[in-house]
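The structure under discussion appears below in the form of structure tokens.
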Amino acid sequence: MFTTPARPVDILTVLPELAVYATNATRLHPRRGVPESAASSVAGPMLWPAGEPWPTCQLPHMVQIEREATAEELAMFRHSDEVREQQFAQMISQFPDQVADPDSPLGRMLAKRQEFLDEAGARAPRGTTVKTWASATPNEPVVMVPVVQLHAADIPEARFPAGTDLVQILWCPYRHPDVPGMHEHYSGPAPKVIWRAAGSLTDTTFPARGALADGGYVLEPCVLHPERITEYPDIEDLPESLQSRIYAWQESLGEGPGYDYRNDLSVAPGLKTGGWPYWPHCPRPVQCSCGSEMSLLLTMPHGERGAQSWTPLEDQFRAAKRGYDAEFHDPTGFRGARDELLIFVCRQDPLHDVWVSIE
């Protein structure tokens, strides 16, 4: 088990009117390991109906191509080279003694630079081609990869369709330029959400990892440790009058209280279900095509750590250590977003198409 510390201050004693915005979320606290097929997990084996094929994707996805540079790009390259050469000439003019000495740090750097220029000269002239991204339909269907398997008992705030108690999320591990029903600026994995009755599943399946996938969408298998918490909206989701009161309260605390509303008292960091989203660039609220409002099903973050106050009590000693610990700070290995990927479902009918945003 992992336990979120009590908040630095009970915000309801300061602003009782926030009580109407309180909502439940489940922090999943992923830790790398070997998940059991019947358990809630990240990128683990999944309970599966006998005979049902594993999902694949044939939607266009982004591939890197090399093409001829345009006249405008060539002019930009030349200008950049000229500026760089001027800056380099100015730098070496300040150290004439080192330039003349091949054993000096600057002399060795000049030699390495000349080697690079000689190699570049042997290849195609710089700037005649550029690498860029383009949309292409795969020659063969792409095998989807497991993202999460979650039992209703572990995420009680989620609304499941009648007769189901298990949700499985998979996605195609490539960037997609245009996924039907998604945010208009979406560029990321194409997800598939499956709702099932766990008791009817007798088989277990786990596809081969997508070794050729790009973008950080193939996740590390993780065991989950669900913990239910209470969240309040990000400050930008509140009415302006309430925002002003929060800012005034924070200012009244003076210098160095060690906490603030946005980072410590509202939205929890890390992998979670339910709760409030942190979405600085998205429309809000999100609406389903049927007209109903949508609720947050899953937050898949780039890293688990937020403000220190959110670090579980059981992790305090580990968090105090210096240096980057990948298994601790980024257990899922998700690198497909600057901040996080959000998956929303319809409140009226979760079987409707999901809505996805990448922040």
Side-chain angles (χ1 to χ4, degrees), residues 1-29 150 152-160 167 225-288 291-301 304-314 339-340 342-350 355 357 359:
M1 295 295 295
F2 291 93
T3 312
T4 298
R7 297 299 78 217
V9 64
D10 180 0
I11 192 61
L12 294 185
T13 64
V14 181
L15 296 167
E17 55 267 52
L18 275 173
V20 298
Y21 297 98
T23 190
N24 292 318
T26 296
R27 300 187 73 187
L28 295 174
H29 298 301
L150 300 168
D154 290 327
I155 54 170
E157 68 286 336
R159 184 187 173 199
F160 282 68
V167 60
H225 306 82
E227 178 201 17
R228 209 170 194 211
I229 62 167
T230 299
E231 287 189 339
Y232 298 94
D234 178 73
I235 193 167
E236 293 185 9
D237 277 335
L238 294 169
E240 289 187 8
S241 59
L242 200 46
Q243 291 185 38
S244 298
R245 292 193 60 193
I246 291 174
Y247 286 128
W249 167 69
Q250 289 181 167
E251 187 174 349
S252 72
L253 297 176
E255 295 292 333
Y259 60 85
D260 61 33
Y261 178 81
R262 166 168 280 169
N263 293 304
D264 301 275
L265 305 174
S266 59
V267 180
L271 182 68
K272 67 175 186 176
T273 61
W276 288 95
Y278 173 63
W279 48 5
H281 308 299
C282 293
R284 41 192 153 191
V286 177
Q287 281 196 325
C288 178
S292 297
E293 191 170 332
M294 305 187 85
S295 58
L296 180 59
L297 174 64
L298 183 75
T299 297
M300 176 63 70
E304 277 293 300
R305 306 301 136 203
Q308 178 65 26
S309 71
W310 290 105
T311 300
L313 296 175
E314 297 81 0
D339 294 317
E340 58 196 13
L342 308 172
I343 298 180
F344 294 82
V345 294
C346 178
R347 289 184 180 177
Q348 185 68 26
D349 186 351
W355 192 89
S357 179
E359 298 297 337

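Just so it is clear, the structure is predicted and the values come from calculations on it, not from any experiment.
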Set of ring pair (Phe, Tyr, Trp, His ring centres under 6.0 Å) partners for Y21, sequence neighbours left out: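 For Y21 there are no ring pair (Phe, Tyr, Trp, His ring centres under 6.0 Å) partners, ignoring immediate neighbours.
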
With F160 via ring pair (Phe, Tyr, Trp, His ring centres under 6.0 Å) - residues at least two apart: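 F160: ring pair (Phe, Tyr, Trp, His ring centres under 6.0 Å) contacts with W195.
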
Parallel, tilted or perpendicular: rings of H225 and F2 (30°, 60°):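 Rings of F2 and H225: perpendicular, as their planes differ by over 60°.
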
Not counting sequence neighbours, which residues clear side-chain contact (heavy atoms from CB on, under 4.5 Å) with [X]? List them please.
X	value
E157	N24, T26, I155, R228, T273
A307	N263, D264, S309, W310
D154	S40, H151, P226
Y247	I235, Q243, Q250

Just jot down the salt bridge (Lys or Arg N to Asp or Glu O under 4.0 Å) partners of [X], sequence neighbours excluded, or say none.
X	result
E227	none
E314	none
R159	none

Nearest atoms (heavy-atom pairs only) where [X] meets [Y]:
X	Y	value
M294	C346	CE-N, 3.6 Å
S266	P233	CB-O, 3.4 Å
Y232	W276	C-CD1, 3.5 Å
R7	T4	NH2-CG2, 3.7 Å
V345	L297	CG1-CD2, 3.8 Å
T13	D10	OG1-O, 2.6 Å

Identified side-chain contact (heavy atoms from CB on, under 4.5 Å) counterpart of P269 within the set R305, R27, E304: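 Among R305, R27, E304, the one meeting side-chain contact (heavy atoms from CB on, under 4.5 Å) with P269 is R27.
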
